[in-house]
Amino acid sequence: MTTPPLQQQQQQQQQQQQQAQAARDVNTASLCRIGQETVQDIVLRTMEIFQLLRNMQLPNGVTYNPNTHGDRLGKLQEHLRMLSVLFRKLRLVYDKCNENCAGMDPIPPEQLIPFVEDDGSKHEDRSAGQCRPATEERREILEVNKKLKQKNQQLKQIMDQLRNLIWEINSMLAVRS
């Protein structure tokens, strides 16, 4: 007669172990997505709270309906309770993300972004092959920008000439009339 409760305990332990394993398998990206959704829910709830507060009348005796006021107050308290639950959930997600990322070495942004520097002493460990494509691309962009400025200047001169020509034509027509 003791085997069924023993089997139930074993099944419960297995289920708890599976749930714990599933909780550990949640990756940081999905946690960040959950955190983002939680923040969106917090913003939505906060907007609803402000909407309720804006529509809520103070009980100053003017068209005061205790039932309506009680309902709105109940809704407000429910929203505030849900808001505190969402903040607790966000804290848990934040702590879990920090826990998952604790073992990672942060990569400095200087290594992720190719910089054009005057002195090469700052990042000597980078090979010349890595910097060359970035500098060539930067040089090409500068050349294109220079050509674009020249074309814009030419277009401006043409527009000025056309404006002057139109002005002269209009002046001749005005004198003729």
* **Rounded distance (nearest 0.5 Å) linking atom CG of L76 with atom CG of L53** => 5.0 Å
* Out of curiosity, N170 CG to E168 CD, how far, rounded to the nearest 0.5 Å? -> 10.5 Å
* same_hphob_cluster(I42, L80) at 4.5 Å side-chain heavy-atom cutoff -> yes
* Asked: Can you find a heavy atom in the side chain of K89 that is under 4.5 Å from one in the side chain of I34?
  -> yes
* Hey, is D95 close enough to R91 for a salt bridge, meaning N to O under 4.0 Å? -> yes
* Working for salt bridge (Lys or Arg N to Asp or Glu O under 4.0 Å), residues R81 and E78 -> CA-CA 5 Å; R81 187 187 64 75; E78 175 65 22; 2.7 Å; yes
* To do: Check which hydrophobic residues are tied to I169 through side-chain heavy-atom contacts below 4.5 Å, counting indirect links as well, and list them.
  => L165, L173
* Asked: How many angstroms lie between atom CE of M159 and atom CG of N152, to the nearest 0.5 angstrom?
  -> 9.0 Å
* Asked: Do NZ/NE/NH1/NH2 and the carboxylate oxygens of K146 and E143 come within less than 4.0 Å?
  -> no
* Structure fact -> So CD1 of I49 and CZ of R45: to nearest 0.5 Å the spacing works out to 8.5 Å
* Asked: CG/N27 to SG/C97 distance, rounded to the nearest 0.5 angstrom?
  -> 9.5 Å
* Should Q36 and V39 count as side-chain neighbours, where that means a heavy-atom distance under 4.5 Å? -> no
* Distance, nearest 0.5 Å, that separates CZ of F87 from OG1 of T38 -> 10.5 Å
* Under 4.0 Å between a Lys/Arg side-chain N and an Asp/Glu carboxylate O for E136 and R139? -> no
* Sort out for me which residue in K149, Q157, K151 forms a side chain to side chain contact (heavy atoms under 4.5 Å, CB included) with Q153. => Q157
